[in-house]
Amino acid sequence: SQQGEEDPQALSIQEGENATMNCSYKTSINNLQWYRQNSGRGLVHLILIRSNEREKHSGRLRVTLDTSKKSSSLLITASRAADTASYFCATALYNQGGKLIFGQGTELSVKP
Amino acid sequence: ETGVTQTPRHLVMGMTNKKSLKCEQHLGHNAMYWYKQSAKKPLELMFVYNFKEQTENNSVPSRFSPECPNSSHLFLHLHTLQPEDSALYLCASTLFQDSNTGELFFGEGSRLTVL
């Protein structure tokens with residue numbers, strides 16, 4: 001199976017609700033990153049959390065990292081219709097020369 | 001606009017054609033990547049170049065041939081492709097330092113269709 005696995009694969013919520021996406025991985029990492037992709041477009045970086053950090057915030061985004069469980073979560077608070085997109089976690093592998101491995105992603109749909 | 005430019009944005013080619021995808025960044029980054037994104041599949045890492053040296057070739061078939069002439073440009077040469085190679089090909093770049101991979105800046109992708 002994948003280095004990064006995400007759940008749920010799809011999530012549908014109403015505007016104003018919070019959205020939580022989870023990511024699990026298998027091997028040691030330097031950092032874990034979250035990206036967003038609108039349909040057919042390139043990916044946009046959202047937030048990076050280092051292996052020695054446990055939580056990070058950026059605007060309406062909150063990311064947690066639990067290296068003992070090899071898992072991370074992305075919380076989007078007070079969601080908006082414009083947050084509709086696919087969200088991916090990516091792991092920067094330890095001592096692997098820049099290798100960044102992506103999970104399969106979560107498709108988020110925020111209904112107005 | 002991320003500062004990473006990919007051309008062409010769309011490409012249709014036959015199985016016997018030879019074509020190239022181009023990626024360019026002027027962000028001062030020293031690492032560049034090719035990823036393949038097929039429908040219903042996760043992004044697949046194809047190649048990584050650090051300081052113009054290829055550091056990763058993720059078991060990619062030889063019909064895909066990367067070239068990195070300098071730290072700002074990356075090419076993906078394509079020849080005798082198969083229909084299953086149809087996908088969105090994404091280029092990205094980052095600043096790799098102190099053995100740490102920073103955030104990746106992605107281009108908009110090249111949508112490839114192989115007939």
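Letters go in sequence order (proteins before strands), and every chain restarts at 1.
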Quick one: NZ on A:K99 to OG1 on B:T101, what's the gap to the nearest 0.5 Å?
11.5 Å
Interface moiety of A:L48 toward chain B, non-hydrogen atoms closer than 4.5 Å:
side chain
By the side-chain hydrogen bond (donor to acceptor under 3.5 Å, both in side chains) test, which pairs, at least two apart or in different chains, include something from residues 76-88 of chain B?
B:S20-B:H77, B:R63-B:D85, B:E67-B:H77
Check for me, please, whether B:F96 and B:M32 land in the same ILVMFWY cluster - side-chain distances under 4.5 Å, paths through other members count.
no
Suppose a student defines contact as a heavy atom less than 4.5 Å from any heavy atom of chain B. Which residues in residues 61-80 of chain A would they list?
none
Okay, A:Q37 and chain B: the region with an atom under 4.5 Å from a heavy atom over there is side chain
If hydrophobic clusters are built from ILVMFWY residues whose side chains come within less than 4.5 Å, do A:I13 and A:L46 share one?
yes
Can you hop from B:L11 to B:F75 via hydrophobic side chains spaced under 4.5 Å?
no
According to a 4.5 Å side-chain heavy-atom criterion applied to Ile, Leu, Val, Met, Phe, Trp and Tyr, with indirect links allowed, do B:V4 and B:L95 form part of one hydrophobic cluster?
no
Who are the salt bridge (charged side-chain N to carboxylate O under 4.0 Å, His left out) partners of B:K22, not counting sequence neighbours?
B:E24
Let me check something: do B:M15 and B:L21 share a hydrophobic cluster, defined by ILVMFWY side-chain heavy atoms less than 4.5 Å apart, either directly or through other members?
yes
Which heavy-atom pair separates A:L100 from B:Y33 by the least distance, and what is that distance?
N-CE2, 4.5 Å
Can you say whether B:F105 sits under 4.5 Å from chain A via the side chain, the backbone, both, or neither, judging by heavy atoms?
neither
Exercise: identify the closest heavy-atom pair between B:L90 and A:L43
CD1-CD1, 3.8 Å
Just verifying a value: how many Å separate A:F102 CZ and B:L104 CG, rounded to the nearest 0.5 Å?
6.0 Å
A:R41 meets the salt bridge (charged side-chain N to carboxylate O under 4.0 Å, His left out) criterion, sequence neighbours left out, with B:E108
Under 4.5 Å heavy-atom distance to chain A, tell me which part of B:Q37 shows up: side chain, backbone, both or neither.
side chain
For B:P42 and A:G103 the tightest heavy-atom approach is CB-O, 3.7 Å
If I take atom CD from residue A:Q33 and atom CD from residue B:E103, how far apart are they, to the nearest 0.5 angstrom?
7.5 Å
B:F106/A:V44 under side-chain contact (heavy atoms from CB on, under 4.5 Å): CA gap, chis, key distance, verdict:
CA-CA 7 Å; B:F106 279 85; A:V44 175; over 6 Å; no
